[in-house]
Amino acid sequence: MNGVPQPYGLLAEVTHQCPLHCVYCSNPLALLDRQDELGTDDWRRVIREAAGLGVVQVHFSGGEPLVRGDLEMLVAEARRCDLYTNLITSGLGLTESRARSLVSAGLNSAQLSIQGDAAESTELVAASKRFDKKRDAAHIIREAGLPLNMNVVLHRLNLHRLDAIIDVCASWGAERLELANTQYYGWALRNRDLLLPSKAQLEEAVGVYERRKAELAGRMELLWILPDYYEPYPKPCMGGWAQTALTVAPDGMVYPCPVAADMTAMNFPSVHDHDMAWIWSKSAAFQAFRGTEWMPDPCRSCPRKETDFGGCRCQAFALTGDPGRTDPVCVHSPDHHLVQDALVRADQDNAAAEGETARANLVYRRPPASARR
Ligand code: SF4
Ligand code: FES
């Protein structure tokens with residue numbers, strides 16, 4: 001494909017169904033029903049077409065992908081296409097026999113998420129008491145012969161427990177732990193004033209991360225995903241728009257990143273209407289912000305434009321309503337005050353984010369009309 005980059009990753013969001021209700025979920029606010037989901041044959045076709053495009057790895061995600069009874073068939077199709085397969089899971093619903101059948105189908109790796117180091121923090125963030133199921137899932141993943149990768153989303157309500165979170169993951173045998181500071185889209189943006197940490201809290205956590213990283217070197221890899229609100233320049237989101245990866249949502253809509261579904265100003269394509277090659281190389285949505293031609297100033301004349309690609313299009317849209325503006329995280333953005341104002345609020349005492357009050361104020365990920373518990 002002339003001048004069009006080749007994607008290497010497919011995020012297959014096979015369902016929005018999930019037993020958890022995380023307050024920072026990256027799924028769109030308008031969650032899809034089971035009846036909207038692509039069937040097995042459509043998913044198999046999507047996987048084959050993605051492989052034909054050059055994709056080399058597929059991440060099965062959701063929601064909770066284990067909810068889908070046909071997950072093994074999708075994993076098997078991906079392996080037939082010679083793709084590396086990874087399962088992104090909450091661990092709820094993972095039994096020994098399910099893990100065995102997924103491995104038989106060709107599953108290569110699994111990433112298990114936790115919300116904190118104990119049942120209480122899991123309940124506060126995910127409205128679920130099932131921390132024990134996560135410990136069981138970690139054991140099952142290792143017994144199935146898969147490497148145990150773990151992930152925790154960090155924020156104001158759990159950063160002070162970072163040492164204990166790392167201890168839990170180490171004791172469960174994790175080989176790698178991704179410490180993902182919250183990115184503020186979708187449900188996380190709804191809950192931003194309760195989740196955004198203060199500068200002092202973040203600095204303390206960075207100290208813990210650095211100490212533990214050195215201590216655990218050679219045993220467990222720690223990866224720190226930057227809290228971009230506290231950075232002077234934005235992250236090079238997705239390596240640039242429609243450059244390296246694509247996401248297929250449960251209903252077959254295709255996006256250049258996992259959170260673009262909330263970008264209501266754009267018309268995204270569907271696998272019901274087009275094949276993946278057309279979507280990737282020809283659709284207007286995928287071409288809209290590819291490269292640097294689309295950039296307004298200050299990005300257009302900035303020496304960093306090939307480094308961060310003007311930041312995140314979803315963040316620009318979420319904060320300004322225009323996906324074509326410079327990411328407001330950037331100190332040069334005319335909208336930077338939108339991020340600064342949130343940080344000023346985060347540095348003030350926030351009674352709304354304390355204990356039981358936080359629980360009452362958080363908006364939990366649920367279908368419309370039942371988000372507040
Ligand atoms: Fe990046 Fe644009 Fe900011 Fe320059 S002005 S640092 S390209 S976001
Ligand atoms: Fe969509 Fe950054 S999350 S472009």
Side-chain angles (χ1 to χ4, degrees), residues 5 7-13 22 24-30 59 61 88 151 153 178 180-192 195 225-249 253-269 279-280 283-340 343 365:
Y8 66 80
L10 168 69
L11 184 71
E13 283 186 343
C22 299
Y24 51 69
C25 182
S26 64
N27 285 161
L29 295 173
H59 303 275
S61 170
I88 298 174
N151 164 282
V153 175
E178 193 175 273
N181 284 283
T182 302
Q183 309 285 320
Y184 294 97
Y185 311 107
W187 295 91
L189 189 57
R190 281 286 296 270
N191 288 303
R192 188 177 64 181
L195 296 178
I225 309 294
L226 288 170
D228 66 348
Y229 272 42
Y230 279 99
E231 295 294 310
Y233 301 117
K235 57 189 178 286
C237 198
M238 303 301 296
W241 183 262
Q243 292 290 320
T244 61
L246 66 182
T247 296
V248 178
M253 296 299 288
V254 190
Y255 304 102
C257 77
V259 297
D262 274 329
M263 222 190 247
T264 47
M266 306 272 296
N267 284 316
F268 289 99
I279 288 170
W280 179 256
S283 67
F286 276 64
Q287 294 184 80
F289 305 114
R290 204 174 245 152
T292 55
E293 286 303 300
W294 61 272
M295 288 181 176
D297 269 325
C299 298
R300 179 176 284 277
S301 47
C302 177
R304 288 181 56 87
K305 71 178 174 187
E306 304 275 0
T307 306
D308 63 31
F309 317 108
C312 175
R313 298 304 87 224
C314 294
Q315 188 141 271
F317 177 74
L319 297 185
T320 74
D322 179 354
R325 288 180 78 79
T326 296
D327 186 335
V329 158
C330 180
V331 286
H332 304 309
S333 160
D335 305 308
H336 187 55
H337 63 96
L338 297 171
V339 169
Q340 285 300 304
L343 293 181
R365 173 208 193 272

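Read the numbers this way: they start at 1 and go in the same order the structure lists the ligands and their atoms. If you're wondering where the values come from, they're calculated on a predicted model, not measured in any experiment.
Distances from atom 1 (Fe) of ligand 2 show that Cys312 has no N/O/S atom below 2.8 Å. Atom 4 (Fe) of ligand 1 has an N, O or S atom of Cys302 under 2.8 Å away, backbone or side chain. Residue Cys314: an N/O/S atom is found under 2.8 Å from atom 1 (Fe) of ligand 2.
The closest non-hydrogen atom to atom 5 (S) of ligand 1, taken over Cys330, Pro232, Pro328, Ser333, comes from Cys330.
Counting atoms of ligand 2 from 1 in the listed order, those under 4.0 Å from a heavy atom of Cys237 are 2 (Fe), 3 (S), 4 (S). Taking every non-hydrogen atom of Arg313 and a distance limit under 4.0 Å, the qualifying atoms of ligand 2 come out as 4 (S). For ligand 1 and Pro234, the ligand atoms under 4.0 Å from any heavy atom of the residue are 8 (S). Atoms of ligand 2 lying under 4.0 Å from at least one heavy atom of Cys257, given by number and element, are 1 (Fe), 3 (S), 4 (S).
Residue-ligand proximity: Thr326 is placed with a non-hydrogen atom under 4.0 Å from ligand 1. Within the 4.0 Å heavy-atom shell around ligand 2 one does not find Phe289.
Judged by distance alone, the side chain of Thr244 and the main-chain N or O of Met238 form a donor-acceptor pair under 3.5 Å. Without hydrogens or angle criteria, Asp228 side chain to Pro234 main chain gives no donor-acceptor distance under 3.5 Å. Side-chain N or O atoms of Arg313 include one that pairs as donor or acceptor with a backbone N or O of Pro323 at under 3.5 Å.
Given atom 2 (Fe) of ligand 1, the protein heavy atom at minimum distance is Cys299 SG, 2.4 Å. The closest protein non-hydrogen atom to atom 7 (S) of ligand 1 is Asp308 OD1, 3.3 Å. Nearest protein neighbour of atom 3 (S) of ligand 2, counting heavy atoms only, is Val259 CG2, 3.2 Å.
Using the six-membered ring where Trp is involved, Phe289 and Trp241 have ring planes that are perpendicular, over 60° apart on the 30 and 60° scheme.
Atom CD1 of Ile279 sits about 7.0 Å away from atom CZ of Phe286, to the nearest 0.5 Å.
The minimum heavy-atom distance linking Thr307 with Pro236 is given by the pair O-CB, 3.3 Å. What you find for Phe268 and Ala285 is that their closest heavy atoms are CD2-CB, 3.6 Å.
The local environment of OH in Tyr8 is sparse, with at most 12 non-hydrogen atoms from other residues, nucleotides or ligands closer than 6.0 Å.
Residues Tyr255 and Met266 fail the side-chain proximity criterion, which asks for heavy atoms closer than 4.5 Å.
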